[in-house]
There are 2 protein chains.
Amino acid sequence: MYSYDSTTFRSELNQLGLRMTPQRETILEVFRELPKGKHLSAEDLYHHLQEVAPERKISLSTIYRSLKLMTHLGLLRELELAEGHKHYELNQPHPHHHHHLVCVRCNRTIEFKSDSVLKVSMKTSGREGFHLLDCQLTIHGVCVEALKRGWPSVPQEWSCPHAPVDE
Amino acid sequence: MYSYDSTTFRSELNQLGLRMTPQRETILEVFRELPKGKHLSAEDLYHHLQEVAPERKISLSTIYRSLKLMTHLGLLRELELAEGHKHYELNQPHPHHHHHLVCVRCNRTIEFKSDSVLKVSMKTSGREGFHLLDCQLTIHGVCVEALKRGWPSVPQEWSCPHAPVDE
DNA sequence: CGCTAATTGAGAACAATTAGCGATATTCGT
DNA sequence: ACGAATATCGCTAATTGTTCTCAATTAGCG
Ligand SMILES: [Mn+2]
Ligand SMILES: [Mn+2]
Ligand SMILES: [Zn+2]
Ligand SMILES: [Zn+2]
């Protein structure tokens, strides 16, 4: 389980002159309870709340604002996988930190860990004088099933951003 | 220099029932002549052509269509750095293949190479039965200059998507 | 409690990207 | 080299994801 609790969050906010709100608390909670390997977009989070806790519904504007805030504070990680919009997940430190392998045809995503990527990232950011916030190795590939259907393929067969994963 | 020439491009297109056009040839040429470390967005490419070769102007729609096509064929790489829209560059194989270190505060981008990342990517995609297309390690950090100005900072000081790099 | 400034929700506004369409140009077989 | 078939073009309008505006609300703090 991840240790970033609501109290820590609150004090980080206050230190910057920002405030803890029920909405921010709710969002942190949702991400902390999210099953391993699940990622949420702003829209996903919005609908998730309406379904599982309608009394805690949060407006889309606030969701976008909070996701951006929490990403800046390092609580969340912004993922740009192959679907045309951002997804978020908890930004977990080593040894929970991981990367993604994505099929560009069906968007299937597989998580994996790598110490050597972490090492490269620390070395590189250090050499350039950067304070390291996050590093993401994203591998783009074509899964076996998609390969069987031919690759490369004609435009009509490219997965559209919101196509259901159909395999 | 990169070896992917217009003839190879043409035959790959024809093999898929697609056609070579002056527009596609132009775009490939622009990317081949792009200085190392430069990345272009759709809009960048559009304006670049208007400036350096107005007689070869290409409509924005066609630019978007071509960038998508060429990315799917593996000619180009789509980069999601910290600026709110996609950028593209030639998808060069080893040993020109590289990764990016980005300052989340000012968007400064530094390229670097890493054999071990490549190795991890090949191993991982192989293990999962994926055909490897591209792998990108993106390191998010805060550069020295930005650190001096305080981090984390309050929302008003976050770089907005189109803010000029001001340092 | 009471002040002040941060935050919220609702909707309008925005920027990047895509879709539809009729006109044009490339391919390929003759 | 010619012509039919059809992919592609440029245009405009539509869509999508995200941000902004602003009045009402609320957290933090003495
Ligand atoms: Mn993940
Ligand atoms: Mn690059
Ligand atoms: Zn797949
Ligand atoms: Zn910077």
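Just so we're on the same page: letters track the sequence lines, and every chain starts at 1. Owing to the predicted nature of the structure, the values given are computational and were not obtained by experimental measurement.
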Q | Which nucleotide in C:dA16, C:dA10, D:dT18 has an atom nearest any side-chain atom of B:His85 | A | C:dA16

Q: Only one of A:Gln23, A:Glu25, A:Glu29 passes side-chain hydrogen bond (donor to acceptor under 3.5 Å, both in side chains) with A:Arg56; say which it is.
A: A:Glu29

Q) On DNA chain C, nearest-nucleotide positions of B:Ser61 versus A:Ser66: which is more 5'? A) A:Ser66

(Q) Ignoring hydrogens and geometry beyond distance, is the side chain of A:Ser41 in donor-acceptor contact with the base of D:dG17 at under 3.5 Å? (A) no

Q: Ignoring backbone atoms, establish whether A:Lys86 has a side-chain N or O less than 4.0 Å from OP1 or OP2 of D:dG17.
A: no

Atom pairs and distances, side-chain donor-acceptor, residues 46-54 of chain B, under 3.5 Å, sequence neighbours left out:
from: B:His47; atom 1: ND1; to: B:Glu43; atom 2: O; distance (Å): 3.1

(Q) Filter on salt bridge (Lys or Arg N to Asp or Glu O under 4.0 Å), then keep only pairs touching residues 120-144 of chain B, sequence neighbours left out; what's left? (A) B:Arg77-B:Asp134

Q.
Under the ring-ring contact (aromatic ring centres under 6.0 Å, His included) definition, can you give me all pairs with a residue in residues 101-135 of chain A, not counting sequence neighbours?
A. A:His99-A:Phe112

**Q.** Pairwise 5' ranking along DNA chain D for B:Gly17 and B:Thr62, keeping only the more 5' one
**A.** B:Gly17

Q | Atom pair distance, as rounded to whole Å: CD in A:Glu80 and P in D:dT18 | A | 9 Å

**Q.** Nucleotide D:dT19, atom C1' - distance to NZ of A:Lys68 in whole Å
**A.** 7 Å

Q | Secondary-structure stems for DNA chain D, with pairs counted as Watson-Crick or G-U when both distances are under 3.5 Å and runs at least 3 long | A | C:1-30 with D:1-30

Q. In whole Å, what is the span from the CG atom of A:Leu40 to the P atom of D:dT18?
A. 13 Å

Q. Under 4.0 angstrom, heavy atoms only, what part of the nucleic acid is B:Gln23 near: base, sugar-phosphate, or nothing?
A. sugar-phosphate

Q.
Rounding to an integer number of Å, can you tell me how far A:Glu43 CD sits from D:dT15 P?
A. 16 Å

Q: Might you point out which heavy atoms bring A:Ser66 and A:Ile27 nearest each other, and give the distance in Å?
A: CB-CD1, 3.4 Å

(Q) Protein within reach of the bases, or only the backbone? For nucleotides 25-30 of chain D, mark each nucleotide 5' to 3' as B, S or -, using heavy atoms under 4.0 Å. (A) -BBS--

Q: Calculate the interatomic distance between B:Asp44 atom CG and C:dA15 atom P; express it in whole Å.
A: 16 Å

Q: Scan A:Arg65 against the nucleic acid and name what it touches under 4.0 Å (heavy atoms): base, sugar-phosphate only, or nothing.
A: base

Q) Will you find, in the side chains of B:Asn14 and B:Ser11, an N or O donor that is under 3.5 Å from an N or O acceptor? A) no

Q: Using atom CD1 of A:Ile63 as one end and atom P of C:dT7 as the other, report the distance to the nearest whole Å.
A: 17 Å

Q | Interatomic distance where CD1 belongs to B:Ile58 and P belongs to C:dA25 [whole Å] | A | 15 Å

Q) If you measure from OG on B:Ser153 to CZ on B:Arg105, what distance do you get to the nearest 0.5 Å? A) 4.0 Å

(Q) Measuring from atom CG of B:Leu75 to atom CG of B:Leu28, what distance do you get when rounded to the nearest 0.5 angstrom? (A) 5.5 Å

**Q.** Close aromatic pair by centroid cut-off 6.0 Å: A:His87 and A:His85
**A.** yes

Q: Output all residues satisfying side chain to side chain donor-acceptor pair (under 3.5 Å) with A:His39, sequence neighbours left out; order by chain, then residue number.
A: A:Glu89, A:His100, A:Glu111

Q.
Using a 4.0 Å heavy-atom cut-off, does B:Leu60 contact any base of the nucleic acid, only the sugar-phosphate backbone, or nothing at all?
A. nothing

Q | Whole-Å distance separating the OH atom of B:Tyr64 from the P atom of D:dA13 | A | 18 Å

Q. For the base of D:dC9, is there a side-chain donor-acceptor partner from B:Ser59 under 3.5 Å away?
A. no

